[in-house]
Amino acid sequence: MKIAVPSKAFVNGAFCGLVIFSLLINLWGINWGLPSFNGWAADELTPIRVLEAVEQGFANGWHYKYPPFHFYILTVFYSPVLLLHKLGVVNVYSLPTYTFLFYIGRILSLILAAGILGIVYKLGQELYDQQSAFFAAVIASLNLPFIYYAKTINLDIPYLFWFMLSLFFYIRILKAQKTRDYVLFAATAAIAVATKDQAYAFYILTSGFIVWQHYRYLQQRDPAVTLKTALKDRKILLSLAVGLALFLAIHNVIFNLNGFFAHVNDITSGGATISPRFERSLSGHLIMFWQSLRHIRVSFGWLLSGLCILGLLKAFWQRKHYYLLCLLIPIVSYYLFFVSIVMYNALRFLFPVYLILAFFGGKLIGDFLSQSAQLVRVKSLSIIAVFIYTFFYTTSVNVLITHDSRYIVEQWMTKTITSNDFILGAGDAKYLPRLEKFSSESLKRPTLETLKQKDPDYIIGTSAYDSRRFEANTPEYEFLSQLETEEIGYDLVFQYKAKPQWDLLNHQELGYRHINRMYVYSNFDKINPEITIYQKRSQ
């Protein structure tokens, strides 16, 4: 006996509730590290970067390590404030106005994250039934990177919004072979790459597969059609022209050709290149693949990651859902042509993998609940239990953001450190307490020599940037290690790390570091770091 299938209206209503619930989860902690000129999120696209681009008109050699499309979007949303700044009403470089720009960027990420869930839901309905599509959206909303990056101005959520949209048109192409879908696929793919360069890797195998499917489609109509003829088809040429033209227009190659080449040089051989973390060998690739599985488990937790991988294996075994399996082609392409080239699979680099796995997990859960009325309550309660645990696991990142140790540290500093005291921040400013209202300076590479030059009254250290980052006997290692052992004339006077009860993350795993080796390659160890404050020893 089959169980009753929820109505379309009911599932749509449930999805709307999910989006609202997800928005609230992602809004939680959106003020992390604000007001500030830096923020506390690593690699965040801070307002100053956009303001610099606006001042140069996105031309005259302007470039940055990221491509320009999201800069344009942020500029549009900043424009009312920029107009007020031009009229002399506000000053965008004052802390209150600058912080307001921060919020604009973070709220935009929040909106795009909700958009990703909408795309997952609609794409799921293209792939299979509506109920399974709903569960895919639930899974997509419950992973650590999604909840974290939905509230920061990193480019992960923006580029994945455009990637997922291109994926929707990709499946529509395979199903119907309509010219409109070809053009929209090319346009959204170009925007994804122009938002974050690494997106190019999704489309290498995917584009070839689309051409092959188009060739097969034409052959069914006319067996005499050749692959060469298929390549010359209007759909292929038009979509290629649209994608290339849009890519070049976004990069402003006519008025900023030097900036475009400078950006390409920066990401291929300059300061924005990614340092390999694994050896370029068979064993190195195997270790990196194993690391990828670990990152999947960390992102979803044990239970939901297990269901997603089980759903993937089931889809391979049954081979009944052709279009669902076609989702793997962009991911294989991405892994081969980006991850395997840079030999570095940071947890957020695999973010698109988690979104694709959500479709397999959603289908598994949908089938599990729909196959039979027997034990329906037990089945439903077991899935609810999985989602409840995953909710508490993944929202632990919000709890840590809310209870970040630096808030308490800043209170201590306000009460203890005077306006006459000079503070040296040992490490990146993003990993330290906010020092704007103190006489201070932060150094990413402090040494014993700079200590003599600066002669600070206080030194502030952080577990997010300590001696574990550096090789022994380097100047930075000598400074940080001697600071930690109080050998350089400074005594530890305050040390703090929050330990909230609602925290299911494994911090030994997340926080382990030995130079460049980590158990989990992520930015989560930089949330709620242990802060240490040292004071100059009295003579």
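Along the sequence shown, the residues carry numbers beginning at 1.
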Pair [X]-[Y], side-chain donor/acceptor within less than 3.5 Å:
X      : Y      : result
Arg221 : Tyr217 : yes
Thr462 : Tyr431 : no
Asn345 : Ser292 : yes
Ser370 : Gln131 : yes

Notebook entry, point to check: Can you list the residues that meet the ring pair (Phe, Tyr, Trp, His ring centres under 6.0 Å) rule with Tyr334, with sequence neighbours excluded?
Noted result: Phe202, Phe338
Next item on the list: Dump the intermediate steps for side chain to side chain contact (heavy atoms under 4.5 Å, CB included) on Thr532 and Ile460, then the final yes or no.
Entry: CA-CA 6 Å; Thr532 50; Ile460 300 183; over 6 Å; no
Between [X] and [Y], which heavy-atom pair has the shortest distance, and what is it?
X      : Y      : result
Gln291 : Val520 : NE2-CA, 4.0 Å
Ser405 : Ala498 : CB-N, 3.8 Å
Ala194 : Pro67  : O-CB, 3.1 Å
Ser333 : Ile204 : OG-N, 3.5 Å
Leu307 : Ile365 : CD1-CD1, 4.3 Å

With distance as the sole test, does [X] use its side chain to make a donor-acceptor pair with the main-chain N or O of [Y] at under 3.5 Å?
X      : Y      : result
Ser396 : Leu504 : yes
Thr99  : Pro35  : no
Thr195 : Tyr159 : no
Arg216 : Val211 : no
Tyr393 : Val298 : yes
Asn154 : Asp156 : no

I need the [X] [atom1] to [Y] [atom2] distance, nearest 0.5 Å.
X      : Y      : atom1 : atom2 : result
Lys151 : Glu44  : NZ    : CD    : 11.5 Å
Leu117 : Ser22  : CG    : OG    : 4.5 Å
Leu304 : Ile139 : CG    : CD1   : 5.0 Å
Phe368 : Leu364 : CZ    : CG    : 8.5 Å

Note to self: Show, in sequence, the C-alpha distance, side-chain angles and deciding distance for Arg49 and Phe71, and conclude whether the side chain to side chain contact (heavy atoms under 4.5 Å, CB included) test is met.
What the structure shows: CA-CA 8 Å; Arg49 299 301 180 190; Phe71 285 79; 4.1 Å; yes
Notebook entry, point to check: Can you find a pair of side-chain heavy atoms, one from Arg517 and one from Tyr512, that are under 4.5 Å apart?
Noted result: yes
Using the ring centroid of each side chain, check whether [X] and [Y] are separated by less than 6.0 Å.
X      : Y      : result
Trp502 : Phe392 : yes
Tyr182 : His214 : yes
Phe349 : Tyr344 : yes
Tyr203 : Phe185 : yes
Phe21  : Phe391 : yes
Tyr215 : Trp212 : yes

Note to self: For a side chain to side chain contact (heavy atoms under 4.5 Å, CB included) check, start with the C-alpha distance between Ile401 and Tyr148, then their side-chain angles and the critical distance, and finish with the verdict.
What the structure shows: CA-CA 9 Å; Ile401 283 173; Tyr148 174 77; 4.1 Å; yes
Solution key, residues 310-331 side-chain donor-acceptor pairs under 3.5 Å, sequence neighbours excluded:
unit_1	atom_1	unit_2	atom_2	d
Lys314	NZ	Asp367	OD2	3.3
Arg319	NE	Phe316	O	3.4
Tyr322	OH	Gln213	NE2	2.9

Next item on the list: Carefully, step by step, assess Phe134 and Tyr121 under the rule ring-ring contact (aromatic ring centres under 6.0 Å, His included).
Entry: CA-CA 6 Å; Phe134 168 74; Tyr121 184 54; 7.1 Å; no
SB check [X] [Y] (cutoff 4.0 Å):
X      : Y      : answer
Lys526 : Asp43  : no
Glu509 : Arg297 : yes
Lys497 : Asp404 : no
Arg513 : Asp466 : no

Next item on the list: Applying ring-ring contact (aromatic ring centres under 6.0 Å, His included), run through Phe169 and Trp162 and close with a yes or a no.
Entry: CA-CA 11 Å; Phe169 295 119; Trp162 296 107; over 10 Å; no
Margin query: Working note: Phe100 + Ile104, criterion side chain to side chain contact (heavy atoms under 4.5 Å, CB included); need CA distance, chi angles, decisive distance, verdict.
Written below: CA-CA 6 Å; Phe100 183 66; Ile104 290 175; 3.7 Å; yes
